[in-house]
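Single-structure report; data block below.
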Amino acid sequence: GKKTKKRYRRSGLGTFLQPLSHRFEFFTLMATRVLLLALPRRWQLALGSFLGRACYHLRVRRGIVEKNLLYTGMAVGKADTAQLALAIYSTVGRLLVDSLTFSTTSMPPMVIENQEGVRSPEDASRGILMVSGHYGNWELLLRVMGELFPGLGVVVKPIRNPHLGRWLSEQRQAPGIQLIEPQHAMRRSLKLIRKGHAVAYLTDQYAGRHGATVTFLGKPALTVRSAAGLAALTGCRVLAGYAAIDPQGVYHVRFQEIPNVASSAEDRTEDTQLALQQHNDIVSGWIREHPEQWFGWFHRRFKESVSY
């Protein structure tokens, strides 16, 4: 159980084995990447879909996915849940394979829609907040954003495996992206925005006790305050965007401008709450349109209400 796992982590054996498991995980992933790069992309995607479906049948986090689908009303009944869950596993498998194999010199096919409206003469004076989620290929979206907005700051949560974390950081910083750890998010984001730069936040994960409760997919959910607070405080331009994959393997990168709800009032609490709900509604709309694109089904997003 959980107590046994905690004792194991604290034991000398756990301290010894964890670095070894991290190395094994990293080298297995890199070996998989080398093998994938030897295949045509259509085979890569087919293999990703197959592995995703295999994970579904092996019940890898399947209970979490099914509970999230039923709780949010995205699926009704056993057959409907199984059909949608299988589509989610298949699509996420394709997305993860692409995330593992693309590079700055070899990008997957994509169409950037409404690109002409992304940049504005106001950017240099107002700065930009980019709101997104773990929807579609967020790694590809960050690359596109890095090219559109040089000096982009991205708030990212460090992962437990230090070897994989270093590799991911190198990949993300390749186009000149600045990585910002959550504990420095507000201070560094403010600095960048006031210099007319862009900052990106993924706002769709469980925020814990530091979050604010607003609805997400029609259900109450603790949500990260930072991005909404930044919008309310600075009055910056706010964009939302994603990179979704279609059945042919082409990515559709879409951006939309969001009206900033910041007012001239000194108390920003109401503005922040309105912005939180606004951001959640936009991401929820994407998910309702194409639920198979959202990686968040695998997370315990509704811990306060769902027993995972």
Side-chain angles (χ1 to χ4, degrees), residues 41-42 44-53 55-56 60-62 64-77 79-100 102 107-115 117-118 130-145 200-206 215-219 221 223 239-258 277-299 301-302:
R41 183 167 176 266
R42 65 180 184 278
Q44 293 174 3
L45 293 178
L47 182 58
S49 176
F50 171 79
L51 292 174
R53 287 168 175 264
C55 287
Y56 169 81
V60 178
R61 301 185 78 85
R62 183 165 144 187
I64 296 173
V65 173
E66 291 174 342
K67 285 182 177 182
N68 282 333
L69 288 172
L70 290 169
Y71 178 67
T72 57
M74 292 299 299
V76 180
D80 190 29
T81 303
Q83 183 179 11
L84 182 51
L86 193 58
I88 290 165
Y89 276 82
S90 174
T91 302
V92 168
R94 298 170 81 220
L95 291 167
L96 290 178
V97 162
D98 258 348
S99 295
L100 188 61
F102 78 79
M107 299 282 275
M110 73 179 85
V111 177
I112 303 178
E113 301 177 8
N114 61 312
Q115 186 175 353
V118 176
M130 177 72 188
V131 176
S132 190
H134 296 82
Y135 181 89
N137 194 325
W138 60 92
E139 297 290 345
L140 178 62
L141 178 68
L142 295 182
R143 293 291 182 90
V144 173
M145 284 288 295
Y201 281 76
L202 303 180
T203 63
D204 59 337
Q205 287 189 309
Y206 178 72
T215 58
F216 183 76
L217 288 172
K219 300 294 182 179
T223 304
L239 297 175
Y242 62 81
I245 192 170
D246 69 16
Q248 288 71 44
V250 177
Y251 283 95
H252 295 265
V253 182
R254 295 192 175 110
F255 296 101
Q256 65 184 101
E257 184 159 3
I258 309 171
Q277 190 59 68
Q278 181 190 49
H279 300 169
N280 271 6
D281 287 346
I282 286 169
V283 177
S284 295
W286 300 342
I287 297 167
R288 288 193 180 97
E289 187 176 0
H290 291 289
E292 75 283 355
Q293 301 276 342
W294 190 46
F295 189 73
W297 297 118
F298 295 92
H299 292 283
R301 181 65 180 94
F302 305 96

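Below, each value reflects all heavy atoms present in this structure, side chains not excepted, and no hydrogens, waters or symmetry copies.
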### Message
Using every non-hydrogen atom in the two residues, find where L141 and G241 come nearest and quote the distance to one decimal.
### Response
CD2-O, 3.4 Å
### Task
Flag the pair Y251 / L95 as yes when at least one side-chain heavy-atom distance between them is below 4.5 Å, and no otherwise.
yes
### Task
Evaluate the ring planes of H299 and F295, with Trp represented by its six-membered ring, and classify them as parallel (under 30°), tilted (30 to 60°) or perpendicular (over 60°).
perpendicular
#### Entry: Heavy-atom pair of closest approach, residues L70 and A75
CD2-O, 3.6 Å
### Task
Return the minimal non-hydrogen interatomic distance between L45 and G249, and the atom names on each side.
CD1-CA, 3.9 Å
### Query
Is it true that a side-chain atom of W297 and a backbone atom of P291 form a donor plus acceptor pair closer than 3.5 Å?
yes
## Note on the structure
Applying side-chain contact (heavy atoms from CB on, under 4.5 Å) to S49 and not counting sequence neighbours gives R53, S90, R94
### Task
Apply the side chain to side chain contact (heavy atoms under 4.5 Å, CB included) test between S132 and each candidate in W286, Y201, W138; give the one that qualifies.
W286
### Task
Please identify each residue that fulfils side chain to side chain donor-acceptor pair (under 3.5 Å) with Y242, with sequence neighbours left out.
R254
### Query
Step by step, would you call M145 with F255 a side-chain contact (heavy atoms from CB on, under 4.5 Å)?
CA-CA 10 Å; M145 284 288 295; F255 296 101; 3.4 Å; yes
#### Entry: M130 side, atom CE; T203 side, atom OG1 - distance, nearest 0.5 Å
10.5 Å
#### Entry: V131 vs I282 side-chain heavy atoms within contact, under 4.5 Å
no
### Spacing of CH2 belonging to W294 relative to CD belonging to E289, to within rounding of 0.5 Å
15.5 Å
#### Entry: Contact check, side chains of D281 and Q278, non-hydrogen atoms, under 4.5 Å
no
### Query
Does any non-hydrogen side-chain atom of R301 lie less than 4.5 Å from one of T223?
yes
### Task
Output the distance between atom CE (M74) and atom CD (E292), rounded to the nearest 0.5 Å.
9.0 Å
### Message
Under 4.0 Å between a side-chain nitrogen and a carboxylate oxygen: does that hold for D98 and R41?
### Response
yes
### Task
Taking the side chain as every heavy atom from C-beta outward, state whether F298 and H134 have any pair of such atoms under 4.5 Å apart.
no
### Sub-4.5 Å side-chain heavy-atom contact between L47 and V97
no
### Message
Walk me through whether V144 and M110 qualify under side-chain contact (heavy atoms from CB on, under 4.5 Å).
### Response
CA-CA 10 Å; V144 173; M110 73 179 85; 3.8 Å; yes
### Query
Where do L69 and I88 land on the side-chain contact (heavy atoms from CB on, under 4.5 Å) test, with the steps shown first?
CA-CA 11 Å; L69 288 172; I88 290 165; 3.9 Å; yes
### Message
Do L217 and N68 have side chains that approach each other closer than 4.5 Å (heavy atoms only, starting at C-beta)?
### Response
no
### Message
Working to the nearest 0.5 angstrom, can you tell me the gap between T91 OG1 and L96 CG?
### Response
11.0 Å
### Query
Would you say the side-chain atoms of S99 and N137 include a donor-acceptor pair closer than 3.5 Å?
yes
### Query
Does any N or O in the side chain of Q277 come within less than 3.5 Å of the main-chain N or O of T215, such that one atom is a donor and the other an acceptor?
yes
### Query
Should the ring pair F302 and F216 be called parallel, tilted or perpendicular, given that the plane angle runs from 0 to 90° and is split at 30 and 60?
tilted
### Task
To the nearest 0.5 angstrom, please state how far the NE2 atom of H252 sits from the CD1 atom of I245.
9.5 Å
### Query
Do other residues, nucleotides or ligands put more than 12 heavy atoms under 6.0 Å from Q83 CD?
no
